[in-house]
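Residue numbers run from 1 in the order of the sequence given. Just so you know, ligand 1 is whichever comes first in the structure, and atom 1 is the first atom listed for that ligand.
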Amino acid sequence: MIFFFFFFQFPACACCTTGVPVRLFFSENLQGANFTLTKNLETGSILVYRCPEGYYPYPERTRFCQRNGSWRPRPKKFPPQKCKLVECPDPNVLENGNVSPPQEKYFVDNETTYECYSGYKMRGSARRVCLKNGKWSGSTPICSRDCKPGQESSEKYSKYNVTSKETNTTDIRYTSEHKCKLYTITDYYKNKYTFDTPMEISKAFGSSIKETLTTLESTDDIQGERRIRISKNGTLNIYIGVDISESINEDYVNKSRDIVTKLITKISSFSVTPNYEIIFFSSELYEIVNIIDFLDGNAKLQDVKSKLEEFVVDRNTGTNLNIVFKKFLEKMSFIKEQTGEEGFKEHRHAIIVFTDGAYNMGGSPAPTVAQIKNMVYMNEAKAREDYLDIYIFAVGDEIFDEDLMPLTAGTGEHHYFRVKELEKLEETFDEMIDEDEVKGLCGLYKEYKEPRKEQKRKMFPWMAFVYTQGVGDPKKCMGSLVTPEFVLTAAHCVHGYLPENVIVEIDDERGKFKKAKTLIFHSNYSVTAKKHKGINEFYDYDVALIQLDEYVQISSDVRPICIPCTLETSAALHLVDETCESQEKLLLKNHLERLSFLTRTKNVVDIKDVHAKLGDNRYECIRQAVGVEGITQETLTEAVTDNFICTGGREPFRDHIACTGDSGGAVFKNFEYRTVQVALVSWGSINVCKDGGVRESTKTSRDFHINLFRVVPFLKNVLGKKDQDYEPLVFLEN
Ligand SMILES: *[C@@H]1O[C@H](CO)[C@@H](O)[C@H](O)[C@H]1NC(C)=O
Ligand SMILES: *[C@@H]1O[C@H](CO)[C@@H](O)[C@H](O)[C@H]1NC(C)=O
Ligand SMILES: *[C@@H]1O[C@H](CO)[C@@H](O)[C@H](O)[C@H]1NC(C)=O
Ligand SMILES: *[C@@H]1O[C@H](CO)[C@@H](O)[C@H](O)[C@H]1NC(C)=O
Ligand SMILES: *[C@@H]1O[C@H](CO)[C@@H](O)[C@H](O)[C@H]1NC(C)=O
Ligand SMILES: *[C@@H]1O[C@H](CO)[C@@H](O)[C@H](O)[C@H]1NC(C)=O
Ligand SMILES: *[C@@H]1O[C@H](CO)[C@@H](O)[C@H](O)[C@H]1NC(C)=O
Ligand SMILES: *[C@@H]1O[C@H](CO)[C@@H](O)[C@H](O)[C@H]1NC(C)=O
């Protein structure tokens with residue numbers, strides 16, 4: 001009898017026959033020691049060992065199920081698989097100084113102190129603790145001579161070897177220094193289990209990327225703070241490559257997508273508009289965003305986000321790291337061709353790649369990276385070094401540092417990161433820019449999915465509470481910080497009071513309550529102005545500025561909101577056309593524009609969502625004011641002038657409604673991590689909620705907000721005034 005084998009297939013469940021042999025397990029019973037299988041017991045499944053914090057799997061971190069059912073590497077009796085206590089690198093490499101206590105090995109929580117020989121000066125931390133991620137706390141101590149802070153150093157960027165007698169290995173360390181005071185050394189990832197904490201990444205990557213994105217300059221402003229003014233000259237091109245090959249675990253694609261989205265949103269909060277190339281890759285390339293579309297002016301940030309959202313892929317095996325760099329090189333060549341040699345000189349390039357470096361096809365990307373450098377440096381490596389940054393985020397259970405580290409480039413401190421948990425990276429990017437250093441950016445805020453009480457200030461760093469006391473009924477209102485010294489609120493909140501009867505609550509480092517120095521009202525504000533026409537209370541121009549007794553301390557908790565028709569707001573909105581009109585067109589473009597305002601609650605504040613009824617929808621909205629305070633059909637447009645924005649009602653959306661205490665608050669819109677105030681809560685047709693809180697509108701209740709675009713002359717007259725003892729805001733000419 002003849003058997004025909006039409007096909008022969010390896011069993012899908014190769015390792016089922018052998019199962020998980022006892023030797024694959026941990027030899028000891030440590031709480032939290034465990035393993036996961038990426039594809040159960042199928043061929044190609046990866047067994048990943050997990051150890052509790054402060055421990056690492058030894059001798060193997062992963063094992064691979066082979067086609068014939070055996071595991072690679074093969075589990076052995078000796079040494080048995082276990083969780084070992086994390087060690088930190090030998091600190092005895094300190095030159096010109098002493099380390100104590102001298103030990104053969106240093107484990108988690110072990111402490112070391114450092115001392116320099118006489119004549120040498122210590123830079124870095126004199127006391128360090130071995131952390132759970134296998135790194136020493138603080139910064140590497142260095143004992144050096146003749147390096148006075150601020151002095152120019154001969155070496156700007158260098159690489160040197162440190163030989164360890166103990167392990168007979170040589171570590172490569174990277175130094176980066178412009179001036180002596182900035183002297184830092186990055187610890188090399190000596191042990192396989194060493195990783196960077198989200199905090200470390202956000203600090204190091206944040207400061208590097210910020211150098212790429214912005215110019216920090218000292219200005220002669222009164223407060224002497226460093227402010228970010230403008231983005232650097234020229235065009236910024238950002239190339240992002242994400243490895244989605246099978247060597248990296250399961251729902252990686254989804255997470256990377258979120259991370260890339262977060263990263264580009266965060267970058268755009270810096271008033272820069274880079275061109276993006278975004279590629280996901282395995283053995284093939286998936287080009288999600290083509291940088292050429294940006295050059296042609298055909299792509300917008302919003303398109304990038306939706307393209308990322310739509311991206312799905314049947315993952316395939318293999319990693320070709322070289323093709324992604326080749327693609328980036330190809331795009332650069334194209335840009336160079338289009339812009340010409342001189343034009344290309346004005347282009348900066350930042351490459352950001354997420355990978356484990358386990359490429360198995362396409363060969364090493366190193367030669368391609370060399371070509372990229374050649375192209376950007378244009379034979380002036382020293383002068384043009386800061387036109388190219390290559391960042392590598394090493395992600396995965398097995399990372400190939402030796403291949404990846406040499407691919408980095410740039411002048412910043414740190415371009416290589418080992419990431420343990422991808423989940424944390426999203427948050428890391430959110431935290432990455434130290435907003436305390438970024439003074440000049442109005443409306444910059446942080447986002448939290450489920451904010452805790454103490455995070456509310458970071459979400460709404462401009463929020464202010466306005467109280468009156470001493471005379472009449474005490475009043476509670478809201479306000480918004482518009483410069484370090486001025487709070488915008490409704491005139492009716494503070495009218496009739498003296499500055500000493502007004503208190504503003506903004507919790508900065510100096511304390512919670514601020515005194516008012518002066519109260520400035522719109523000259524046309526007069527509640528009784530139209531009494532003769534039967535309108536008992538008239539609230540047009542219901543705006544006031546409170547000048548504080550002293551300016552507030554700007555930080556990520558306390559920062560002014562962007563207001564209409566300023567230069568900063570144009571930058572925040574990425575408007576090339578710097579006019580007031582284009583801002584208004586962008587912010588109030590839809591006939592039902594979604595806006596928000598805050599209300600005081602037990603959770604500090606909560607958001608109310610409303611829809612401004614503009615254009616054809618407006619009349620139907622304001623009509624509900626008839627009957628309020630003597631307003632008739634005839635006097636309706638007299639009372640509710642064009643300066644009011646109307647919200648509320650249940651059609652076509654159920655809006656929230658303003659409650660007692662919401663007056664004076666900012667009606668705002670968020671735009672790529674920047675908040676712009678477009679209006680101010682003034683009055684409502686019905687008092688639905690005397691107790692405050694988040695409430696839905698009834699069918700007929702309506703709120704009327706002062707449109708800030710209509711009171712720009714007032715704002716400009718105060719906030720844009722020169723020769724005052726505060727720094728003026730720059731208002732647009734038209
Ligand atoms: C190991 O992890 C699995 C899945 O996460 C869990 O169900 C199991 O209880 C864990 N075992 C131990 C000993 O922690
Ligand atoms: C299974 O295959 C690997 C390589 O493909 C080989 O090294 C190993 O000896 C094989 N094991 C068995 C039990 O056949
Ligand atoms: C260092 O850590 C190890 C492991 O926890 C511990 O046994 C040892 O006593 C520590 N050494 C010092 C000097 O604290
Ligand atoms: C460091 O050591 C490697 C390998 O021994 C060598 O190739 C390299 O040139 C050394 N680098 C420096 C800066 O000494
Ligand atoms: C260190 O490595 C070198 C070269 O591989 C070898 O000759 C030497 O014996 C090693 N030293 C120790 C202490 O293992
Ligand atoms: C940046 O551009 C401005 C105007 O285009 C120019 O005056 C300035 O010198 C440029 N700065 C640098 C560093 O090239
Ligand atoms: C990944 O995202 C897609 C689309 O958003 C979704 O359908 C899918 O369930 C997600 N997968 C995982 C593993 O979360
Ligand atoms: C204030 O009111 C007067 C008279 O009603 C009007 O002419 C003027 O334009 C108003 N000023 C502003 C800034 O709207």
Side-chain angles (χ1 to χ4, degrees), residues 5 7-33 37-48 51-94 97-115 125-138 140-141 164 166-167 187 190-195 197 245-247 317-319 358 360-361 398:
F5 290 97
F7 63 91
F8 179 81
Q9 214 178 10
F10 287 103
C13 184
C15 290
C16 290
T17 48
T18 48
V20 183
V22 170
R23 274 189 212 144
L24 283 180
F25 290 102
F26 286 110
S27 59
E28 83 274 64
N29 205 355
L30 191 66
Q31 186 91 41
L37 289 159
T38 57
K39 288 200 221 158
N40 298 316
L41 293 170
E42 287 171 32
T43 306
S45 180
I46 300 166
L47 184 153
V48 183
C51 284
E53 243 196 325
Y55 292 84
Y56 68 99
Y58 177 88
E60 303 303 333
R61 297 163 52 77
T62 57
R63 290 186 207 272
F64 181 80
C65 169
Q66 301 182 103
R67 288 185 164 200
N68 61 8
S70 66
W71 292 91
R72 190 188 71 216
R74 206 143 54 88
K76 299 194 191 106
K77 208 165 190 175
F78 295 108
Q81 187 68 38
K82 60 180 189 173
C83 287
K84 270 180 106 164
L85 199 57
V86 160
E87 284 167 45
C88 278
D90 187 0
N92 291 299
V93 293
L94 180 74
N98 273 331
V99 182
S100 60
Q103 267 168 235
E104 207 176 309
K105 287 185 170 175
Y106 295 84
F107 297 98
V108 172
D109 291 340
N110 281 179
E111 210 180 294
T112 44
T113 53
Y114 302 80
E115 228 178 11
S125 310
R127 185 186 151 270
R128 306 181 88 186
V129 178
C130 178
L131 303 175
K132 288 194 171 73
N133 64 351
K135 292 212 243 174
W136 291 102
S137 66
T140 312
S164 163
E166 193 208 327
T167 53
D187 281 320
K190 181 173 171 172
N191 299 314
K192 277 282 174 201
Y193 47 79
T194 308
F195 61 92
T197 62
S245 60
E246 267 187 329
S247 52
T317 46
T319 307
N360 53 9
M361 50 215 295
E398 290 282 8

Task: Student check: side-chain heavy atoms of Pro75 and Arg63 closer than 4.5 Å - done: yes
Open item on the list: Quick check on Gln103 - does any of its heavy atoms sit under 4.0 Å from an atom of ligand 3?
Closed with: yes
- [ ] Please tell me if the side chains of Cys83 and Tyr58 come closer than 4.5 Å, counting only heavy atoms from C-beta onward.
- [x] no
Using a 3.5 Å cut-off on N/O to N/O, what pairs does ligand 2 make with the protein? A line per pair would be great.
residue	atom	partner	partner atom	Å
ligand 2	2 (O)	Asn68	ND2	2.4
ligand 2	11 (N)	Asn68	ND2	3.0
ligand 2	14 (O)	Asn68	ND2	3.1

Task: Check: Pro59 and Gln81 side chains under 4.5 Å, non-hydrogen atoms - done: yes
TODO: Would you please name every residue forming a salt bridge (Lys or Arg N to Asp or Glu O under 4.0 Å) with Glu111, sequence neighbours left out?
DONE: Arg127
Open item on the list: Using side-chain heavy atoms (C-beta onward) and a distance below 4.5 Å, is Glu115 in contact with Ser100?
Closed with: no
Open item on the list: Rounded at 0.5 Å granularity, tell me how far CZ in Arg128 sits from NZ in Lys135.
Closed with: 10.0 Å
Open item on the list: To the closest 0.5 Å, what do you measure between CH2 (Trp136) and CG (Asn110)?
Closed with: 6.5 Å
Task: Which segment of Leu85 sits under 4.0 Å of ligand 3 when only heavy atoms are counted - done: side chain
